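Every chain is numbered from 1 and lettered A, B, ... according to where its sequence line falls, protein lines coming before strand lines. All figures in this text were calculated on a predicted structure; none of them were measured in a lab.
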2 protein chains.
Amino acid sequence: MLKRAPTNAELEILRVLWQRGPSTVRHVHESVDHVKPVGYTTVLKLLQIMVEKGLVRRDASARSHVYAAVASQGATQRRLVRDLVRRVFGGSTLGLVLHALHSAPATAPELDQIRRLLDEKKGGRT
Amino acid sequence: MLKRAPTNAELEILRVLWQRGPSTVRHVHESVDHVKPVGYTTVLKLLQIMVEKGLVRRDASARSHVYAAVASQGATQRRLVRDLVRRVFGGSTLGLVLHALHSAPATAPELDQIRRLLDEKKGGRT
DNA sequence: CACTAAGTACGAAGCTGTTCGTAGCTACAC
DNA sequence: GTGTAGCTACGAACAGCTTCGTACTTAGTG
């Protein structure tokens with residue numbers, strides 16, 4: 001079963017599920033609608049499709065079904081980064097990182113955080 | 001005139017134009033077809049659409065028109081990274097970088113390159 | 001029981017991206 | 001001049017994503 005990456009509208013919904021945890025359609029709709037107006041049944045339909053795709057799980061025991069994300073936010077982000085690296089940087093993760101850093105308005109503490117990660121990696125190589 | 005990010009198929013074509021420079025449809029088709037079989041007129045149509053979108057420029061002075069990318073590879077990559085950061089990392093470039101580094105099989109020289117970049121940025125802040 | 005509110009299911013339309021077949025034009029070889 | 005090879009233009013089909021309207025179901029209230 002090959003899973004496709006979530007689409008744009010699907011990501012909006014996943015964002016809510018990751019942030020608020022398992023939610024009803026009403027909950028998700030309220031959150032999404034607040035950011036970008038959209039019909040209730042649109043969100044419902046999306047969630048139904050996402051169930052079929054295996055992106056979310058549905059608990060139908062209560063009258064209002066409760067939906068939860070299947071993949072964690074981290075795993076999904078990793079997936080999307082991998083796709084971008086392949087599509088746009090010919091598989092070079094380094095290319096992506098350099099590009100991102102160039103255009104990043106990073107603060108000093110953030111830079112330190114990256115530096116720490118680099119040190120870890122270096123240590124782990126031996 | 002708002003420019004949309006290039007689609008998947010469009011990126012395949014841009015990759016050829018960036019690599020080989022201004023090219024005829026035949027040239028582009030041969031390169032793309034080699035990687036992923038596709039009809040000649042498909043590539044032609046795509047290029048025509050890309051002209052309308054402003055993604056490529058066309059020199060129609062010769063019988064075989066010559067197409068060239070409008071935006072540089074770097075600028076396009078930056079654009080796509082920015083989009084991903086907004087869509088998937090809530091605008092946090094740092095989030096993207098950390099994620100990428102975590103899953104990156106970076107070599108020591110590559111890590112050094114990143115470190116150099118970090119030093120530059122740090123220096124530039126004061 | 002009858003009514004209403006809140007929920008789910010589903011069909012279908014509109015848009016974009018991708019693909020290709022067909023038609024038509026033109027330079028060149030003979 | 002005639003034919004052919006190579007090119008551009010264009011319409012149309014198909015697929016995926018997104019959106020919503022409508023129909024159906026059910027729990028609760030009087």
| query | Reckon B/R26 has a side-chain N or O less than 4.0 Å from the OP1 or OP2 of D/dC7? | reply | yes
Open item on the list: Below the 4.0 Å mark, does C/dA6 have OP1 or OP2 next to a side-chain nitrogen or oxygen of A/Y40?
Closed with: no
Expressed in angstrom and rounded to an integer, what is the separation of [X] atom [atom1] from [N] atom [atom2]?
X	N	atom1	atom2	answer
A/L46	C/dT8	CG	P	14 Å
B/L47	C/dC20	CG	C1'	15 Å
A/H27	C/dA6	NE2	P	15 Å
A/I13	D/dT18	CD1	C1'	10 Å
A/L55	D/dT18	CG	C1'	15 Å
A/K36	D/dC17	NZ	C1'	12 Å

Is the shortest distance from a Lys or Arg side-chain nitrogen in [X] or [Y] to a carboxylate oxygen in the other one below 4.0 Å?
X	Y	value
B/R86	B/D83	yes
B/R116	B/D112	no
A/D119	B/R115	yes

Protein-proximity profile, nucleotides 9-16 of chain C, B/S/- by nucleotide at the 4.0 Å heavy-atom cutoff, equals BBBB----
Q. Given the side-chain rings of B/F89 and B/H99, with only the six-membered ring counted for Trp, is the space between their centroids under 6.0 Å?
A. yes
Worksheet item: Touch check for B/T42, heavy atoms < 4.0 angstrom, all strands: base, sugar-phosphate only, or nothing?
Response: base
Minimal heavy-atom distance between A/T93 and B/A100, with the atoms involved, is CG2-O, 3.6 Å
Side-chain atoms of A/R63 come closest, of C/dA5, D/dC7, C/dT8, to C/dA5
If hydrophobic clusters are built by linking Ile, Leu, Val, Met, Phe, Trp and Tyr wherever their side-chain heavy atoms come under 4.5 Å apart, do B/L17 and B/V66 end up in the same one? no
